[in-house]
Amino acid sequence: MNTHGLIYADRQLIEAMAADATLRQLAGVAALPGIVGPALAMPDAHQGYGFPIGGVAAFDPDQGVVSPGGVGYDINCGVRLLRSRLGADDLSAGQLTRLADDLAAGVPAGVGRGSQVQLSDKDMDQVLARGAAWAVAQGYGDTGDLEFCEAGGALSPADPQAISPRARQRGRGQLGSLGAGNHFVELARVEHIYNQAAADAFGLTAGGLVVWIHSGSRGLGHQVCDDFLRRLAKDKEAVHPPERQLVAAPAGSSIGRQYVAAMGAAANFAFANRQLLTHRVRETMFRSLAASPRDLGLGLIYDIAHNIAKLEEHITPEAGEKRRVWVHRKGATRSLGPQHPEVPSRYSAIGLPVLLPGDMGTASYVLAGTTIAEAETFGSAAHGAGRRLSRKAAKKQAAGRDLAAELAQAGVVVRSHSRGTLAEEMPAAYKDVAQVARVMDAAGIARLVARTVPLVVIKG
DNA sequence: ATGTCC
């Protein structure tokens, strides 16, 4: 190892990490060349492809690497949160059911499912280069949305030409679609406020209705990851660690630059995707409730990327030097404290919103970023509950059960395109998100702001 | 996560 690992967890969470390959994978990350500061594991960390999900690592731009396994297959998988002017309890059961039906009909979802938008090659170039800004320019959303997206909703560098024809083809009909797996649209009620000043700044009120949107770069990002893993596996320039899935490219090498440019373009596809989904959700809700945008609100609180590598400037942990580093956040969220220049001015006294979606039957958390995270974790925090059961084990446990009925009984209206997805995503498949939130608050890498509970969930 | 194997 070139550095040590640093894990944020309580006893139970670290025992779960010890029971799978998380710690071995973290040691593999710590052995990569040019790593700066420790190899970090957030409290939701679990084993992933080569590099733990919930892992964070920073690399020197000259001596270090970029790694597709350190970003993940779903490039710029991420989460958005919308506030509303509605009280959740003002909606009748009938209105909620109708919203569930209308959103299920209006939001394209499911494996391989496409969108209503068919992109020309020229449009696709613009999506890949400009991300959410392209979507807003096309009328999908408000100009104001961009201020509340990480990186303004577009990564740079991003080169449309670095994307393979196959990746482009897979993405062509998928912009504005949810996908499957853990992706969702959720209407939720703000159940508890922990920090009133932060909640006020974020526009969250107790009892208020909010909307969570979780999606990524669909088949396009998946293909980009696959393309570069294959190319790196047979590239002499590449770094080939004993854990073969952790193959990496020197950040300054030709293939490293190509990966970064392709990853940025795929990330932009994901930003545009969430922007189109947002537009579709707003339109559907306005129509379903026969309400005006003025009455409903649905302004964007924030859009975070939780599968990404970015060249960022940080004061390095322990050494305390100001350096530009390639920060890999794989299943990890950015956490920046008050007054940081990348925090929108509306939130500058509070810190960046840290969005922590839980499972579809329990709760999700909104937290605020901290200067402690800036100092210790390259400005990073956890991204969710973390899996307790593999997809396969979850399906086995769900056999013979009617999960939609169980969730309805618990007050959550679920619409899913696939029974399999519902089984893989059942609440018992996830660890306790409250535990993850508590660890972050106790360690100071993010501060609790609010808890929301699900009312309506749309799944792939 | 994923046209769940080109």
Side-chain angles (χ1 to χ4, degrees), chain A residues 20-21 25 44-55 67-80 108-115 118-119 163-185 213-231 233-234 245 262-263 266-267 269-271 273-274 277 304-309 328-333 357 359-360 383-396 398 416-426 429-430 458-460:
Chain A
D20 68 18
Q25 290 187 335
D44 55 341
H46 56 103
Q47 73 177 55
Y49 185 91
F51 188 115
I53 295 163
S67 168
V71 171
Y73 269 91
D74 190 2
I75 294 166
N76 190 7
C77 184
V79 183
R80 275 184 174 209
V111 179
R113 293 294 176 81
S115 62
Q118 276 290 326
L119 296 173
I163 299 270
S164 70
R166 182 186 287 181
R168 188 179 270 264
Q169 185 54 35
R170 285 183 68 172
R172 188 179 301 281
Q174 293 188 322
L175 196 72
S177 68
L178 196 60
N182 62 2
H183 293 160
F184 60 81
V185 171
I213 298 174
H214 182 199
S215 189
S217 50
R218 309 289 283 103
L220 184 142
H222 189 277
Q223 190 63 46
V224 168
C225 184
D226 201 49
D227 288 340
F228 278 88
L229 285 170
R230 281 169 201 277
R231 284 174 60 182
K234 52 190 180 197
Q245 295 180 343
M263 187 261 302
F269 185 89
F271 279 128
N273 190 35
R274 289 195 291 275
L277 285 166
I304 60 96
H306 59 215
N307 272 6
I308 210 157
H328 291 59
R329 295 192 186 91
K330 183 191 193 180
T333 302
D359 68 75
M360 61 182 165
H383 86 309
R387 274 199 169 274
R388 184 204 306 275
L389 301 175
S390 69
R391 294 176 196 279
K392 195 174 162 182
K395 270 185 164 160
K396 199 170 164 182
S416 175
H417 290 73
S418 146
R419 283 180 66 89
T421 297
L422 213 53
E424 291 172 351
E425 294 298 313
M426 67 177 178
Y430 285 91
I458 310 301
K459 297 287 293 179

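The model shown is predicted, which means the values in this text are computed figures rather than measured ones. Excluded from the calculations below are hydrogen atoms, water molecules and symmetry mates; all remaining heavy atoms, backbone and side chain alike, are included.
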First of A/R391 and A/V111 reached from the 5' end of DNA chain B, by closest nucleotide: A/R391
B/dT2 OP1/OP2 closer than 4.0 Å to side-chain N/O of A/R218: yes
Atom-pair distance (CZ on A/F228; C1' on B/dT2), nearest Å: 18 Å
Rounded distance (Å) that lies between atom C1' of B/dT2 and atom CZ of A/R166: 13 Å
Atom-to-atom span, CG of A/N307 to C1' of B/dT2 - whole angstrom: 13 Å
A/N76 CG - B/dT2 P separation (whole Å): 13 Å
Spacing between A/Q223 atom CD and B/dC6 atom C1', to the nearest angstrom: 10 Å
Sugar-phosphate, base or nothing in reach of A/E424, heavy atoms under 4.0 Å: nothing
Centroid separation A/H383 to A/H214 less than 6.0 Å: no
A/S115 side-chain N/O to A/G173 backbone N/O, donor-acceptor pair under 3.5 Å: yes
Distance in angstrom units between A/L229 CG and B/dC5 P, rounded: 16 Å
Whole angstrom value for the distance that separates P of B/dC5 from CG of A/D226: 11 Å
Pairwise distance OG1(A/T333) to CG(A/D44) - rounded to 0.5 angstrom: 8.0 Å
Sugar-phosphate, base or nothing in reach of A/G216, heavy atoms under 4.0 Å: nothing
Rounded interatomic separation in angstrom, taking NE2 from A/H417 and P from B/dT2: 13 Å
A/R218 charged N/C atom sitting above A/F269 aromatic ring, 6.0 Å / 45°: no
